Amino acid sequence: MSGLTMPPSDKATLARRAEIVADMRSIVPGEGVVDAERGMRVFESDGLTAYRQLPMVVVLPETTAQVARILKYCSDRNIKVVPRGSGTSLSGGALPLEDAVLLVMSRFSRILDIDYPNRVVVAQPGVTNLGISIAVEQDGFYYAPDPSSQIACSIGGNVAENSGGVHCLKYGLTANNVLGIEMVLMNGEIVRLGGKHLDAEGYDLLGVMTGSEGLLGVVTEVTVRILKKPDMARALLVGFPSSEQGGQCVADIIAAGIIPGGMEMMDRPAIHAAEAFVQAGYPLDVEALLIVELDGCGAELDHLIGRVEEIALKNGSVTCRISQSEEERLNFWLGRKAAFPAVGRISPDYYCMDGTIPRKELPRVLHGMRQLSEEYGLRVANVFHAGDGNLHPLILYDANIPGELDKAEAFGADILRLCVKVGGVLTGEHGVGVEKRDLMGEMFNQTDLDQQMRVKCAFDPGHLLNPGKVFPQLRRCAELGRMHIHRGRMPFPDIPRF
Amino acid sequence: MTIFTPSSSEEVLSAVQWALSAEEPLEILGHGSKRGIGRPVQAAHTLDLSGVSGVTLYEPEELVLSAKAGTPVAEIEKLLDDNRQQLAFEPMDHGPLFGKEPGRGTIGGVLAANISGPRRIKAGAARDHILGIHAVSGRGEAFKSGGRVVKNVTGYDLSKTMAGSWGTLAVVTDLTFKVLPAAETETTLVLHNLTDDQAANVMAHAMGSSAEVSGAAHLPVLVSGKVAGGTLSGQAATVLRMEGVAPSVAWRIAHLKDLLKAAGEMQEIGAEGSRALWRDIRDCAPFAGGKKPVWRVSMAPSQGHRMIDALRREAGVNAFYDWQGGLIWLEMAAGPEAVALRAMIRRFGGGHATLIRAGEPERASLDVFEPQPPALAALSARLKAEFDPKGILNPGRMSSVPAI
Ligand SMILES: Cc1cc2nc3c(=O)[nH]c(=O)nc-3n(C[C@H](O)[C@H](O)[C@H](O)COP(=O)(O)OP(=O)(O)OC[C@H]3O[C@@H](n4cnc5c(N)ncnc54)[C@H](O)[C@@H]3O)c2cc1C
């Protein structure tokens, strides 16, 4: 592990491993407990493969009652627990710990209710993101948030990461499309938040659970909103001689009051890699390629496509193709969707970053990235959720060259610092996990972080659930609860009051 | 009794720090336009945020706006309107319901009460549009969360935690919202004389179509005359709103008419009339100004009218439905009937009821907000304690047990 410090292992727990495994077997009978090294290997890392660790034991429960018993058992004995969905996290959120139970939710794989009048689906957390859309596809419905990993990632993992996708600009993130959850707290209590109705009552615990990276509770059921598919979608594929022009085109489209279903940009290295891989017919002599997808009824698309084309031309586009068929539209997307593997072909390894910036800062950030690229001697290709400012720089490196991984990580950290400096954030959709944990100080001061950790204390005061993720430093809840009260003077006493 | 009127976030911080050291609770106020909602706060002192005001950043092309907590919503809406943009969640104006002037309310209050309007079914509530905050906790500490960009999963989303917290966790001093383009035009389709049951079906049908309906409400005959200047009076009205560019709206209206043709006679209301109609629905105009208790009930859309049908057999109620039937505005003929109502909601699949309008004695003695099951109530109380351990911010506004 390159320089990553995890919470110290609890020797007492490790010494009792055999007993713990036996107790887990009594809670989850059958195949649901894996303790042999061979069986546990597949779980040693998630999508952030640079980090690996075998867990103490892997448990795959099937019912909420089992999850509650496991957590209560672990809570009573001070045993750590790491929840895991499909293991596609790109930030190491599901990275196991040597002395922790790895709680794998993949056997929670049933869809419990499809309710068209209320337009919701109730699913167990191990159902894949795409699985939900497939279940309602024959009736013309779908689940809008569509991470590129949607064939594999679980809806529970989506809630934990507040995942996004290319259609989030118009249809929102996971947080905007989840209406309710059932979860189990570390102490074994089962709590339901929201349901089929809008606006959960009381504090917005659903809001804080979404994106909490498995640190607050284990999600055991999810109620999501589904939407009727738009009548049709059409896309424009637009090339620009500079990223400034591409960026300005995006700004002008939005300023014209148009919110496309998706708006994606690629830079020259990404265009070339994608074209070499899938031959989508992308122009190779442009610096920025923009895909603008509009969806809705035919009348709307006819009306808006002309306006978008006009805006593109005004911003100096050198190529502009408008999809004339569904096949052509999908072809526009082919290269973008294959961008990651395409980059994987031109480099032994790549490291995917995930910062968000105010859109107007794009030229400045791309420029800064080019400078950093020269300094570090590593290439970088960019794909960009242009509509919402979410950048995915892909840093190309070779893990077999000693020191290159460290160099790639340092380069990545510098890119994220740059994002924060221009008013952006460390992570748009992949989560903090272990990857960006030690960069949290770039965005938050200690008071900010302490208040976040206090929220953790309300849910899991013993720091047993997924410790070592998100927060650079684990502070005990008792310490966080202490108050330093200064003798306050009556403030601004010269202001008239009555 | 002291009224603190800070004009900056630093002054808010020192007021909270003083309250903490003196262990003197504060009532947190913007314009006080929603002061009649919630349990009466037991606090000798008031922290009035209306002086912490002003838009601090607005970049239309970036779809982002920041303002200090005391900024009037009306000022923000005017500014957005001048740029053909809007707060897409369509925040309700509570003035009319309480018999007060319209146009009051601060942006901080919008988040604290997690306000929304008819477009909630399509665009979400305040919680779905907040991007970042600065706030002062009950620990007397200034902290921030979130940022100014839409895609952000850096740390816990404490901005959302403030939504619907009614000032009981922290005093928010600065807010950043996502803003969106306003629709170029809108048209509302009216269906007449449907029963609640038929209307629920029609609304579900419309919402389940690709017509992108942005408002679906049903006004039974007793309330239909009290909106849009009485133009719909005399029979029940089921109303469906379409927004967007003109050719798209026209096409979708035609599509919807075809889809719903079995439901009988239909009428279209043009942009201006449509705006007035939905403003009335948003602001609960049918029950404006009265004194009778008013509930806001949130349920699965298909269950709302069934619950009301059963409730009518136990109590005198007057109701209308927004959000496809999932939001029920309920005026009681006599007392609030909290226990009967909540039991009925549970019987029909669950949801929650908030007593929006009632006299002080009722609000002090009843659960204004839906009581929570023990594990959830305990979790909420622990969260409150982590933000406001001494209970100095709006104590008891949301609940008496535990005091939140
Ligand atoms: C090729 C590829 C493309 C990707 N594209 C996108 C993209 O476009 N957009 C995007 O947002 N993300 C993307 N991701 C990231 C990843 O797919 C998402 O973060 C996804 O939501 C993770 O789901 P998972 O089931 O794999 O969770 P895991 O990786 O197993 O876990 C992720 C986190 O969630 C927690 N967790 C999992 N299940 C639960 C549960 N039931 N209860 C509580 N906590 C839980 C874990 O502890 C961990 O912290 C991509 C990943 C890959 C590999």
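So you know, we letter chains A, B, ... as the sequences are listed, proteins then strands, and number each from 1. It should be emphasised that the depicted structure is a prediction, and the values quoted were computed from it without experimental measurement.
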dist B:L379:CG -> A:L185:CG (nearest 0.5 Å) comes out at 5.5 Å
Quick one: what part of A:I253 sits under 4.5 Å from any heavy atom of chain B, side chain, backbone, both or neither?
-> neither
Of B:L169, B:L327, B:N201, the largest count of non-hydrogen pairs under 4.5 angstrom with chain A goes to B:L169
With a 4.5 Å cut-off on heavy-atom pairs, point out which of A:V250, A:L216, A:L449, A:L439 contacts chain B the most.
-> A:L216
A:D199/B:R127 salt bridge by N-O under 4.0 Å criterion | no
Relative to chain B, which segment of A:E189 carries a heavy atom at a distance below 4.5 Å: side chain, backbone, both, or neither?
-> side chain
Region of A:L205 that comes under 4.5 Å of a non-hydrogen atom in chain B | side chain
Where does A:I226 contact chain B at under 4.5 Å (heavy atoms): side chain, backbone, both or neither?
-> neither
Please look at A:M443 and chain B and tell me whether the side chain, the backbone, both or neither of the residue comes under 4.5 angstrom of a heavy atom of that chain.
-> both
Indicate yes or no for a side-chain donor-acceptor contact from A:D448 to the backbone of B:K144 under 3.5 Å, with no hydrogens or angles considered.
-> yes
Option that, when pairs with chain B are counted at under 4.5 Å, heavy atom only, ranks first among A:G257, A:G389, A:C297 | A:C297
Name the option with the most non-hydrogen atom pairs under 4.5 Å to chain A; the candidates are B:G164, B:A204, B:S298.
-> B:S298
Is it the side chain or the backbone of A:L198 that comes within 4.5 Å of chain B heavy atoms, both, or neither?
-> both
Answer yes or no: are there more than 12 heavy-atom neighbours, outside B:K390 itself, under 6.0 Å from its atom NZ?
-> no
Portion of A:M183 that has a non-hydrogen atom of chain B nearer than 4.5 angstrom = side chain
Note: A:A255 and B:E61 closest approach over all heavy atoms is CB-CG, 3.6 Å
Do the side chains of B:Y156 and A:F471 get nearer than 4.5 Å, heavy atoms only?
-> yes
Verdict with reasoning, B:Q324 to A:R119, per side chain to side chain donor-acceptor pair (under 3.5 Å) = CA-CA 11 Å; B:Q324 189 200 322; A:R119 291 181 325 289; 2.5 Å; yes
How far does CD1 of B:I121 sit from CZ of A:R225, to the nearest 0.5 angstrom?
-> 9.5 Å
Under 4.5 Å heavy-atom distance to chain B, tell me which part of A:F141 shows up: side chain, backbone, both or neither.
-> side chain
Any side-chain heavy atom of A:H303 sitting closer than 4.5 Å to one from B:S248?
-> no
Taking C-beta and beyond as the side chain, do B:K151 and A:H385 meet within less than 4.5 Å on heavy atoms?
-> yes
Neighbour count above 12 (heavy atom, 6.0 Å) for A:H392 NE2 | yes
Contacting moiety of B:A142, where chain A heavy atoms sit under 4.5 Å = backbone
Mind ranking B:V150, B:L63, B:V249 by heavy-atom pairs under 4.5 Å with chain A and telling me who comes out on top?
-> B:L63
Using a cut-off of under 4.5 Å for heavy-atom pairs, which of B:E212, B:M299, B:R120, B:E141 has the most such pairs with chain A?
-> B:R120
State whether the side chain of B:R148 and the backbone N or O of A:I357 hold a donor-acceptor pair below 3.5 Å, judged by distance alone.
-> no
Donor-acceptor pair, B:R139 side chain versus A:G481 backbone, under 3.5 Å?
-> yes
Where does B:M203 contact chain A at under 4.5 Å (heavy atoms): side chain, backbone, both or neither?
-> neither
Are A:N118 and B:S302 close enough that a side-chain donor and a side-chain acceptor fall under 3.5 Å?
-> yes
Whether A:E300 side chain and B:V245 backbone form a donor-acceptor pair below 3.5 Å | no
Does the side chain of A:D204 come under 3.5 Å of the side chain of B:T161 through a donor N or O and an acceptor N or O?
-> no
Are the side chains of B:Q303 and A:H197 in touch, meaning some heavy atoms are under 4.5 Å apart?
-> no
Determine the option with the most heavy-atom pairs under 4.5 angstrom with chain A, choosing from B:E370, B:M398, B:R252, B:M207.
-> B:M207
Which of the residues A:A299, A:G424, A:G431, A:G172 is involved in the greatest number of heavy-atom pairs with chain B at under 4.5 angstrom?
-> A:A299
Please report the shortest heavy-atom distance between B:A375 and A:V191, naming the atom on each side.
-> CB-CG2, 4.0 Å
Measuring heavy-atom distances to chain B, does A:C477 have an atom under 4.5 Å in its side chain, in its backbone, in both, or in neither?
-> neither
Using a strict cut-off of less than 4.0 Å between a Lys/Arg side-chain nitrogen and an Asp/Glu carboxylate oxygen, indicate whether A:R307 and B:E184 qualify as a salt bridge.
-> yes
Counting heavy-atom pairs under 4.5 Å to chain B, which of A:I259, A:D302, A:V470 comes out on top?
-> A:I259
Max heavy-atom pair count under 4.5 Å with chain B, selected residue of A:C457, A:G180, A:G164 | A:C457
Could you tell me whether the side chain of B:E386 and the main chain of A:Q451 form a donor-acceptor pair under 3.5 Å?
-> no
Should A:N162 and B:N152 count as side-chain neighbours, where that means a heavy-atom distance under 4.5 Å?
-> no
Is there side-chain contact between A:H430 and B:V153, with heavy atoms separated by less than 4.5 Å?
-> no
Checking A:T427 side chain against B:T154 main chain: does a donor-acceptor pair fall under 3.5 Å?
-> no
Sole residue of A:D388, A:T356, A:N390 in side-chain contact (heavy atoms from CB on, under 4.5 Å) with B:V149 = A:T356
Chain A contact via B:P389 - which portion, at a heavy-atom distance below 4.5 Å = side chain
Relative to chain A, which segment of B:S137 carries a heavy atom at a distance below 4.5 Å: side chain, backbone, both, or neither?
-> side chain
Is it the backbone or the side chain of A:K436 that comes under 4.5 Å from a heavy atom of chain B, or both, or neither?
-> neither
Give the minimum heavy-atom separation between A:G202 and B:Q372, together with the two atoms involved.
-> CA-NE2, 3.9 Å
Judged by atom type as modelled, is there a donor-acceptor pair below 3.5 Å linking the side chain of B:E59 to the main-chain atoms of A:P358?
-> no
Determine whether A:K228 and B:S209 make a side-chain contact, defined as any pair of heavy atoms from C-beta on separated by less than 4.5 Å.
-> no
Quick one: what part of A:E161 sits under 4.5 Å from any heavy atom of chain B, side chain, backbone, both or neither?
-> backbone
Chain A contact via B:A125 - which portion, at a heavy-atom distance below 4.5 Å | side chain
Heavy-atom distances under 4.5 Å only: say whether B:L383 touches chain A with side chain, backbone, both or neither.
-> both
May I ask you to name which of B:G208, B:A250, B:P373, B:A381 has the most heavy-atom pairs under 4.5 Å with chain A?
-> B:G208
When rounded to the nearest 0.5 angstrom, what is the spacing between OH in A:Y203 and NZ in B:K384?
-> 5.0 Å
Between A:A175 and B:K160, what is the shortest heavy-atom contact and its length?
-> CB-NZ, 4.0 Å
Distance col, row B:F143:CZ vs A:R454:CZ, nearest 0.5 angstrom, shows 9.5 Å
A:I258, A:V455, A:L301: which one forms the most heavy-atom pairs within less than 4.5 Å of chain B?
-> A:V455
